[in-house]
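Nothing fancy with the numbering, it's 1 onward along the sequence. Only this structure's heavy atoms are used, side chains among them; waters, hydrogens and symmetry mates stay out. Keep in mind it's a predicted model, so treat the numbers as computed, not measured. In listed order, ligands and their atoms are each counted from 1.
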Amino acid sequence: MSGKFITLEGMDGAGKSTHIPNIIKILQARGFEVVSTREPGGTALGERLRELLLHEPMHAETETLLMFAARREHIATVIGPALARGAYVLSDRFTDATYAYQCGAKGVPATKIQILEQWVQSELQPDVTLLFDVPVEVSMQRLAATRVPDKFEREDANFFSRIRQAYLQRAQENPARFRVIDASVALTEVVANVEAILATI
Ligand code: TYD
């Protein structure tokens with residue numbers, strides 16, 4: 001047995017980050033090393049790029065290129081080595097977010113993202129992607145209630161709606177990898193759903 005590459009996705013405000021400590025605990029209980037990381041970020045360089053990406057206005061294709069620059073570093077120094085030694089890697093966002101935000105919401109052609117994906121990842125894909133799905137109004141309400149918005153979180157409902165649609169389309173196109181979780185229900189119910197899914201992987 002060896003670990004797996006698990007990614008968490010969803011709109012801002014879907015609540016995915018809330019589940020990370022519990023997911024780590026469940027995977028560790030199986031006796032595996034768990035590497036919990038995030039994108040953009042996950043390395044010292046990636047975290048510096050994250051600062052720019054989340055706060056600096058830039059062309060959507062510049063944003064895409066920087067996302068993949070950070071991802072290249074992340075795979076080379078964190079994700080790749082961890083998977084090679086049999087660890088579970090849990091990443092708060094990965095390439096599906098680039099398809100949802102930069103392609104779905106901002107209009108960068110998918111064909112360009114596919115070229116970068118092939119370059120940076122070769123064959124590497126998550127084994128399982130948990131998509132936390134909520135209606136746009138719920139996500140916007142949660143965001144307004146909880147934090148100072150970053151660049152992405154200041155966008156309007158149409159932007160969020162395009163992200164949601166793009167994620168759901170990715171899930172439809174990759175049914176073997178995606179598990180779509182209704183994150184609009186009570187937290188205890190979402191936790192139970194996440195645990196039920198983890199029990200199957
Ligand atoms: P997020 O993961 O929501 O972190 P936090 O909970 O700290 O706000 O923030 C990352 C933001 O980056 C989010 O708005 C989505 C965006 N993003 C992209 O636009 N493209 C990408 O490829 C990735 C990984 C993230």
Say whether, by atom type as modelled, one donor and one acceptor occur between the side chain of [X] and the main chain of [Y] under 3.5 angstrom.
{"X": "Q165", "Y": "R162", "result": "no"}
{"X": "R72", "Y": "Q121", "result": "no"}
{"X": "R164", "Y": "D133", "result": "no"}

Salt bridge present between [X] and [Y] (N-O < 4.0 angstrom):
{"X": "R93", "Y": "D12", "value": "yes"}
{"X": "K151", "Y": "E63", "value": "yes"}
{"X": "K25", "Y": "E195", "value": "no"}

| For ligand 1, does K151 get within less than 4.0 Å through its side chain, its backbone, both, or neither, judged by non-hydrogen atoms? | neither
Tell me the protein heavy atom at minimum distance from [atom], and give that distance in Å.
{"atom": "atom 9 (O) of ligand 1", "value": "R50 NH2, 3.7 Å"}
{"atom": "atom 20 (N) of ligand 1", "value": "Q102 OE1, 2.8 Å"}
{"atom": "atom 8 (O) of ligand 1", "value": "E153 OE2, 3.2 Å"}
{"atom": "atom 25 (C) of ligand 1", "value": "P40 CD, 3.5 Å"}
{"atom": "atom 22 (O) of ligand 1", "value": "T98 OG1, 2.6 Å"}
{"atom": "atom 14 (O) of ligand 1", "value": "D12 OD1, 2.8 Å"}
{"atom": "atom 1 (P) of ligand 1", "value": "R93 NE, 3.5 Å"}
{"atom": "atom 17 (N) of ligand 1", "value": "M67 CE, 3.6 Å"}

| message | When you group the ILVMFWY residues by side-chain heavy-atom contacts below 4.5 Å and let the links chain together, are V185 and V180 in the same group? | response | no
| Cluster link V138 to M140, ILVMFWY, side chain under 4.5 Å | yes
| task | Look only at interatomic distance and state if R38 has a nitrogen or oxygen under 3.5 Å from any nitrogen or oxygen of ligand 1. | result | no
| said: Below 3.5 Å, N or O to N or O, backbone or side chain included: is there any such pair between D92 and ligand 1? | reply: no
| For ligand 1, which atoms have a heavy atom of E39 less than 4.0 angstrom away? | 24 (C)
| query | At a 4.0 Å threshold, what atoms of ligand 1 neighbour a non-hydrogen atom of R71? | reply | 22 (O), 24 (C)
| query | Considering only heavy atoms from C-beta outward, does the side chain of L8 approach that of H19 to under 4.5 Å? | reply | no
| request: Mark the output for E63 as yes if a heavy-atom distance to ligand 1 is under 4.0 Å, and as no if none is. | output: no
| said: Just to check, does K16 reach to within less than 4.0 Å of ligand 1 when the distance is taken from its heavy atoms? | reply: yes
| F160 to E155 - nearest heavy-atom pair and separation | CE1-O, 3.4 Å
